2 protein chains.
Amino acid sequence: MAEKIEMLRALMRAKGWDAVVITGSDPHCSEYPAERWKQVEWLSGFTGEAGDLVVTLDHAGLWTDTRYFIQANQQLAGTGIELHKMRVPEQVPIPDWLRGQFGDDGLIAVDGLSTGAEFAQSLPGTVLSVPDLLSRFWTDRPGVPQTPVITVDPGESRAEKRTWIRRFLQEQDCDGILLTALDEVAWMLNVRASDIEYNPLVISYLFITQEETRWYVLKDAVEDPESRETFSALASEGIDLLPYDDIDFLGAEFRGRLFVDPATLNYQLYNNFVSAGIPLEEGTGPVALRKAVKNPREIAGMREAHLQDGLAVERFLYWLEKSLEAGREITERDAAVKLGQLRADIPGYQGDSFETISAYGPGAALPHYITPRQYAPVIRERGLYLCDSGGQYLYGTTDITRTVPTGPCSALEREDYTLVLKGHIDLAMAVFPEGTPGCRLDILARAPLWRSKRNFGHGTGHGVGWFLGVHEGPHEFRQNFNAVPFQPGMVVTDEPGIYREGKHGVRHENVLLCVSAGESEFGRWLAFEPLTLCHFDTSALEVSLLDRSEIDWLNAYNERVWQTLSPKLPREIADWLREKTLPV
Amino acid sequence: MAEKIEMLRALMRAKGWDAVVITGSDPHCSEYPAERWKQVEWLSGFTGEAGDLVVTLDHAGLWTDTRYFIQANQQLAGTGIELHKMRVPEQVPIPDWLRGQFGDDGLIAVDGLSTGAEFAQSLPGTVLSVPDLLSRFWTDRPGVPQTPVITVDPGESRAEKRTWIRRFLQEQDCDGILLTALDEVAWMLNVRASDIEYNPLVISYLFITQEETRWYVLKDAVEDPESRETFSALASEGIDLLPYDDIDFLGAEFRGRLFVDPATLNYQLYNNFVSAGIPLEEGTGPVALRKAVKNPREIAGMREAHLQDGLAVERFLYWLEKSLEAGREITERDAAVKLGQLRADIPGYQGDSFETISAYGPGAALPHYITPRQYAPVIRERGLYLCDSGGQYLYGTTDITRTVPTGPCSALEREDYTLVLKGHIDLAMAVFPEGTPGCRLDILARAPLWRSKRNFGHGTGHGVGWFLGVHEGPHEFRQNFNAVPFQPGMVVTDEPGIYREGKHGVRHENVLLCVSAGESEFGRWLAFEPLTLCHFDTSALEVSLLDRSEIDWLNAYNERVWQTLSPKLPREIADWLREKTLPV
């Protein structure tokens with residue numbers, strides 16, 4: 001690592017750069033980048049999902065948040081790269097740190113492709129965009145991925161979606177829109193691929209005007225039959241297919257007012273447009289919100305996905321319990337593999353929606369635990385086991401966490417188990433007026449923990465895509481201010497937790513669907529309906545900590561799980577599930 | 001009214017003004033202005049506490065919010081002035097409406113004294129500041145009030161407070177600060193008067209530099225002995241007393257960087273400073289937050305005030321119940337007068353903290369009901385009576401609402417009564433991490449109502465001053481985003497409600513003190529302690545709607561009320577209170 005940093009410094013000296021900033025993202029500001037853009041990992045060895053690097057002539061630093069401190073300390077040891085902590089009260093974000101070093105006079109080089117325009121503009125001094133800055137050193141750098149592109153049918157045609165976005169352009173008085181976020185492109189064109197692990201996305205840009213649609217998607221890689229079929233269907237609808245890299249020419253070719261979302265537009269493209277004199281309308285694009293509100297066919301698909309997924313998780317929990325009872329040694333990794341196999345049997349399964357977190361005891365105390373592929377801890381017959389996982393299906397995406405006792409639990413484990421479930425239920429039971437954003441509802445999941453001075457340090461829930469990213473906006477349950485109100489058809493996770501270092505962790509997660517709850521003289525009302533179908537274990541409950549309404553909710557939910565799943569399960573698992581779902 | 005508007009239009013034609021904007025505030029952006037600044041009322045006849053007027057050559061409009069629609073419709077009938085509704089989804093605020101009329105080319109005249117700088121700057125076109133614009137027509141306009149100025153002892157001296165604010169000036173790199181908000185001036189100088197009804201304030205400006213302190217306070221009115229004593233004490237501490245109107249010269253006299261709060265600085269002064277070339281540091285002043293966090297002596301005073309006030313309210317509720325039992329005819333007004341008399345007997349009583357809302361049945365369905373002075377409705381021996389009132393004492397300020405049954409109640413009345421109390425209790429019981437703002441806690445008071453699709457259209461709680469305004473910031477319980485976190489020592493009301501037009505209204509209000517709740521491995525925690533001491537009636541409760549923890553809270557609170565108040569009450573009232581506070 002130290003050699004790579006020194007190569008970079010030699011370039012910096014030659015060019016007169018004061019600092020180089022390398023982010024952990026890709027040209028589309030994706031949360032999870034493909035291998036080609038794991039530049040932070042290549043330079044530093046740090047493999048966490050969030051991390052940005054700053055290199056100056058006498059300092060190299062990695063900026064990451066609370067989730068990755070332990071991992072960063074381990075992986076950076078001996079590299080000379082220092083950890084800069086974020087999401088702590090004393091945090092010094094990169095722009096402030098750079099200002100402290102160079103005032104407003106620094107010459108800062110960034111890889112403009114993998115740096116968002118918004119972030120680059122927040123940096124002090126002169127910010128130079130150098131595309132693929134590291135490619136000159138990184139000789140075996142992977143290319144831009146190109147995996148088979150398939151077509152999906154979410155119940156709305158590409159033509160309908162384009163008509164809708166062209167109306168948006170008219171309203172905004174814009175001549176064109178460039179979609180840069182990969183899930184927005186996939187949604188607009190009803191296409192999916194697997195260019196990024198766990199994310200069924202096609203690395204590409206989509207440009208739409210009243211007259212034309214250009215999809216910058218073609219790479220040097222050989223084309224496969226599936227992609228050819230999809231591409232020819234698109235071409236027959238008047239969509240021009242262009243090489244991915246031709247996006248560089250858009251600034252020179254297009255004349256007119258262009259709508260862009262600076263949160264997902266990279267700095268290199270932004271500079272292209274500005275220097276070409278294209279008037280930019282910068283704002284939050286319309287696709288994210290529209291995409292978040294699922295249509296009836298998408299909702300039906302999500303229900304089916306959660307039914308199938310729930311069956312797999314019930315089979316998994318049954319297998320786990322019986323295996324432990326039989327005295328077999330099961331590691332966290334064995335369990336993750338078993339669950340993956342059960343999901344793989346589901347029709348339409350396209351892969352997991354993220355890497356399964358299979359964590360026993362102290363491992364579960366890390367909210368973003370990575371189950372070791374080798375020498376994984378063994379699951380013991382006492383305490384709590386946590387499994388957070390999800391699947392990608394042709395008809396929907398799932399995300400579920402169950403924490404289950406694998407034997408006797410301590411009083412603290414039982415209390416934590418129950419209070420987290422209480423918070424989960426209180427949020428799931430919420431009824432609220434139209435116009436309410438998730439940041440107001442968040443506390444419903446926390447208040448039961450707060451009363452006994454317990455808390456958790458992550459958001460309470462995120463949107464879930466329809467066979468798209470398992471994380472999507474713009475709505476969420478989170479303490480930070482976010483004005484986006486819930487609407488019927490939005491899908492969101494409800495996943496409070498408690499984490500006790502060195503002891504145990506608890507998280508209970510269902511995916512909820514926002515539904516109308518009717519009207520009253522006080523206005524129109526919304527509520528949630530769980531999409532996830534998998535029982536909550538009642539043996540670790542401290543029932544006295546639940547209110548009557550919470551007990552009623554839990555019993556009704558478990559009964560619904562049993563009613564829905566048992567006809568589709570083998571007799572012995574159905575009988576086991578009957579026991580598990582008896583009312584408390 | 002129409003004549004006044006026509007006089008104004010003649011002036012507008014002569015001057016070439018396109019529009020005149022008259023706000024309902026005073027030169028200090030006060031929530032409640034003195035008579036001199038009730039300009040909207042003088043021009044339009046509208047007496048609501050929030051209303052702004054816009055007059056053009058062919059239109060006259062009053063902008064007010066939901067609370068005052070009914071009243072505005074009645075009071076504006078026949079005046080030709082149109083009601084413009086605010087706090088409704090389709091609202092068109094004054095700046096937008098003016099832009100619709102005149103684009104950015106209008107010449108808009110405002111009374112620069114009674115218009116805040118922030119608001120004036122939001123208006124489109126050229127905004128002309130004309131001080132006391134209406135005085136040329138309003139021949140019997142009241143002068144600037146000057147009531148006796150007294151000194152209070154809140155446990156921190158003027159000298160300490162000035163040392164503190166001078167440190168603030170250093171930190172901000174400013175040479176001077178002008179305090180324009182009346183409660184901030186009163187707090188800084190430990191002075192009170194009664195220049196504005198219900199508000200123990202001195203109409204004045206306070207200017208502080210490292211070297212000098214100037215209080216612009218003197219009016220043409222005759223000075224009284226109390227003021228003379230206060231003034232001479234201040235003068236002996238090096239505080240210069242200047243005529244109120246001399247503030248006009250400050251711009252010409254002062255050289256240096258001046259800190260001002262544009263939320264409470266009037267537009268006329270703002271223009272003075274700008275044209276004098278004074279560099280302004282605009283921001284939220286430091287006094288509001290410091291003032292909101294009560295010191296131990298202030299907290300002790302608030303406790304005493306709430307004890308005394310609670311005794312008066314218990315005597316009042318006893319009197320009301322016994323009078324009705326005896327068959328006496330009691331009007332809402334009789335009740336308000338009786339309560340005022342009981343408060344007036346309390347040592348240190350300085351007046352009410354706002355006009356008592358004494359409302360029976362349908363009257364209580366208006367959250368801001370004004371009890372008629374004549375022909376007030378009679379309180380019947382069925383349903384619910386609501387009384388929202390408060391006192392100003394030399395040692396604190398109170399604000400309390402009790403809703404009590406005056407006889408049999410309908411099932412809906414009982415449900416509403418109980419669900420509002422459930423919300424009140426859930427907020428009062430909250431435990432929350434340091435750093436939590438009130439906008440996140442607000443939903444705790446609403447969720448129990450929301451579950452049965454009920455709601456209320458006002459904030460859930462406001463800060464309360466220490467012998468100052470009954471409304472003060474910067475913290476609050478409200479759905480709108482407000483990032484100010486709670487701190488130990490902050491005082492706030494907890495007052496959810498339900499209002500059913502034509503039927504009844506319920507509101508339960510205590511004043512709460514924010515206190516530390518200790519530490520845990522998850523951080524430091526805060527909670528609330530009720531300052532208000534007055535029982536909640538249990539006879540109208542639908543106990544089955546309360547959880548165990550809520551019942552426990554209620555029983556403990558009522559027991560504490562009985563324990564604390566009964567030794568100070570006459571035997572027959574103490575016995576009555578014992579009955580009222582028995583556990584449910």
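So you know, we letter chains A, B, ... as the sequences are listed, proteins then strands, and number each from 1. Predicted, not measured: the structure shown is a model, and the values here were computed from it.
- Contacts between A:Ala483 and chain B at a heavy-atom distance below 4.5 Å are absent for every atom of the residue.
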Tell me which donor-acceptor pairs, judged by distance alone and kept under 3.5 Å, run between chain A and chain B, one pair per line.
unit_1   : atom_1 : unit_2   : atom_2 : d
A:Arg440 : NE     : B:Gln479 : O      : 3.3
A:Arg440 : NH1    : B:Gln479 : OE1    : 2.7
A:Lys453 : O      : B:Ser520 : OG     : 2.7
A:Lys453 : NZ     : B:Ala517 : O      : 2.4
A:Gln479 : O      : B:Arg440 : NE     : 3.3
A:Gln479 : OE1    : B:Arg440 : NH1    : 2.8
A:Arg500 : NH1    : B:Glu521 : OE2    : 2.4
A:Ala517 : O      : B:Lys453 : NZ     : 2.4
A:Ser520 : OG     : B:Lys453 : O      : 2.7
A:Glu521 : OE2    : B:Arg500 : NH1    : 2.4

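- Per-residue counts of heavy-atom pairs under 4.5 Å with chain A were compared for B:Ala447, B:Gly523, B:Ala430, B:Pro433; the largest is that of B:Pro433.
- Using a 4.5 Å cut-off between heavy atoms, A:Leu449 does not touch chain B at all.
- Residues B:Ile443 and A:Phe432 have side chains not in contact (no heavy-atom distance under 4.5 Å, counting atoms from C-beta outward).
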